[in-house]
Amino acid sequence: MCGIFGIVTQNEQQLGPILVEAARRLTYRGYDSVGAATISGSKIDLRKDKGRVEDVARLYNIAEMRGQRGITQLRWATFGEPSQANSQPHLDSDGDMVGAHNGNVVNNVELRQQFIAEGMTVRSTNDGESCVHATERYIDRGMGFIDAIRCAYQDLQGDYAYVIGRINDDKLYAIKKGSGLVVGIGDGFTCVSSDLPSILPLTKKIIRLEDGEIVTLWAEKVELHSVVDGSLIERAPEIITEEMSSVQKGGYAHFMLKEIHEQPQVAGELLHLLENSRDVQVILDRIGKARNVFFIGCGTSYHACLAGAVYFARLAQRAVIPVLAPQFTPQYLPTVGPLDVGIFVSQSGETKDVLDALQGARATGMACFGMANVIGSTLTRITQAWLPLTCGYEISVPATKTFTNQLITFLFLAYRLGGRDRAELSALPDLMQKTIEQVGDAVETLVPAVNVWNDLYCLGFGTSYPIALEGALKLKEITYAHCEGMLSTEFKHGPLSAVTDGFPVLFVTPPDGVPLIVSGINEVTCRGGRAIAVGEQDDRLVANASDLIVIPGPPREIAALLAVIPLQLLSYRMAVARGYDPDFPRNLSKTLTVD
Ligand code: AGP
């Protein structure tokens, strides 16, 4: 997800160790490249490359870097492959300005063409460089920094924040639009960063920027201006009293809760990326010519494969075979070859079950593509092309934001393959945010009654079937209760015998499956069970279910995806109420590299 940090001091000094430590404290966001720049008088020192902070810092001796101002950046590749040229910070054409960004500039390709046509020197394909040239464009027309950044803001589309400085000046400038940005005020220095962990070791006095605000940093003070009209903004600093461990959790009690709340943001970033990805077309072209298409994964990632297969059938009329990775080898490997396509899905990109299936498939000549969150993981290195999930680190063992971004990736591919209007997908981040805000109370109310049970079921149908399986996995994983996910219609074929007074059964209701779900609900309630529906506001659900957790009413295919959010929250609340740590459930590991 990238991270930026900038510092302004009174005099030239050794800034390297501060920059390395700041970068290290931002690594939790996920990255593949790192860089640092210092500015002193008329000199800029820039050192950067792909790789880990420790390795790049050692190789380029970043610790020795001196300056009156410094910038460091961790890059998580979106535009342009991880490389030295695409690492940040970036210089302007003349090499007298330097800057770095985080976020996505979605019109990067068009802007680069403009900059080149205007005679600027463009050295990379990375969108962070576009932030520098967009500012340079107006500085070269004689504007001051505030006005230049205000004009650049009009040119740079997307969600981002960037920090920039120039030789023969004593200040840094930064702007926030959609990505996080916090200012620190210390004794004889000021700093700015994507997040607090890199600031708090230096100072506890901070100012949080809002979207559309520009900050000018001197060593002794900062000034905020509105990007709209350039007017001065007054904001008193606040003093942070939280411990670092809670700051890293963004103020949330657990990483899982933080990661659930990050879903709208990472969904938005992913959609920007997919719209600009060349690999999407590469994969779709190959699928278009394929004999059989397989979606292959384990655990949560397998549930995403199941959902993806439903999306492909419904939205693009393309049949796909979703399969658990270890079953791929005995069941399908004898049948596949160069005519077939597999998309191997894994958050970590290191799950041995998935990699074993992938190695077997590659040996047959099958076209193997990937979907992963961890850049540089084995899966990303041995597939022909892969799509990044752009979630940053997912620290909590239960997958949450990577699951929703896996679903969004499959939805996007299905929309593209089916030639559908993707405008409705752009509503997803807001709908996810609305869901998080809307379901909280209903989930909270249910926890005491449901939590007395150690057996429950989570049922779904059609698009909501994979969501029900995922909800059941979340409940099992962190509450240690037995929760079975199942097709709702199968419940009457056996498990119905488990229902007694108050027995909880969750019904994840797809908008086009209400009558069927209502039948299932009544089979449970007439035997004394508690039927908890998760679905859109619907009189039939209100009248028949014991409880209804209402999700917003979006277009049909998107609805199922939203329904996983209350299930994630219910699992989280139940685990916490039971006194368990949802981030590190017993017996489980985030990455399973064993058989
Ligand atoms: C999800 O909450 C689990 N931690 C687990 O099922 C996980 O999805 C599975 O182990 C696969 O991991 P991967 O996506 O990294 O391959």
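When a ligand or atom number is given, it counts from 1 through the structure's own listing order. Since we're looking at a predicted model, the values are computed, not measured.
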Report yes if Gln406 has an N/O atom closer than 3.5 Å to an N/O atom of ligand 1; otherwise report no.
no
Polar contacts were defined as any N/O atom of the residue lying under 3.5 Å from an N/O atom of the ligand; does this apply to Val397 and ligand 1?
yes
Can you name the residues that form a ring-ring contact (aromatic ring centres under 6.0 Å, His included) with Tyr465, not counting sequence neighbours?
none
Give me the one residue out of Lys401, Glu470, Gln263 that meets side-chain contact (heavy atoms from CB on, under 4.5 Å) with Gln568.
Gln263
Within ligand 1, which atoms have a heavy atom of [X] less than 4.0 Å away?
X      : answer
Ser301 : 8 (O), 13 (P), 14 (O)
Ala399 : 1 (C), 2 (O)
Lys474 : 1 (C), 2 (O)
Leu473 : 6 (O)
Pro398 : 2 (O)

For atom 6 (O) of ligand 1, which of the options Ala372, Ala325, Gly299, Ser571 provides the nearest non-hydrogen atom?
Gly299
Nearest non-hydrogen protein atom, [atom]:
atom                    : answer
atom 9 (C) of ligand 1  : Cys298 O, 3.8 Å
atom 12 (O) of ligand 1 : Thr351 OG1, 3.5 Å
atom 1 (C) of ligand 1  : Thr300 OG1, 2.9 Å
atom 3 (C) of ligand 1  : Glu477 OE2, 3.1 Å
atom 15 (O) of ligand 1 : Ser348 OG, 2.7 Å
atom 10 (O) of ligand 1 : Leu592 CD1, 3.8 Å

Lys50 side chain to Gln84 backbone, donor-acceptor under 3.5 Å:
no
I'd like to know if the side chain of Glu81 reaches the main chain of Ser83, judged simply by a donor and an acceptor atom lying under 3.5 Å from each other, with no hydrogens or angles considered.
no
Distance-only donor-acceptor check, side chains [X] and [Y], under 3.5 Å:
X      : Y      : answer
Arg578 : Asn451 : yes
Ser571 : Glu477 : no
Thr402 : Asn373 : no

Apply the test side chain to side chain donor-acceptor pair (under 3.5 Å) to residues Gln88 and Asn126: give CA-CA distance (whole Å), side-chain angles for both, the deciding distance (0.1 Å), then the verdict.
CA-CA 8 Å; Gln88 301 198 42; Asn126 174 245; 3.0 Å; yes
Could you tell me how the ring of Tyr457 sits relative to the ring of Phe503: parallel (under 30°), tilted (30 to 60°) or perpendicular (over 60°)?
tilted
Can you find a non-hydrogen atom of Thr591 under 4.0 Å from ligand 1?
no
Residue from Tyr311, Phe295, Tyr415, Phe403 passing ring-ring contact (aromatic ring centres under 6.0 Å, His included) with Phe410
Phe295
Location of contacts on Thr402 toward ligand 1, heavy atoms closer than 4.0 Å:
neither
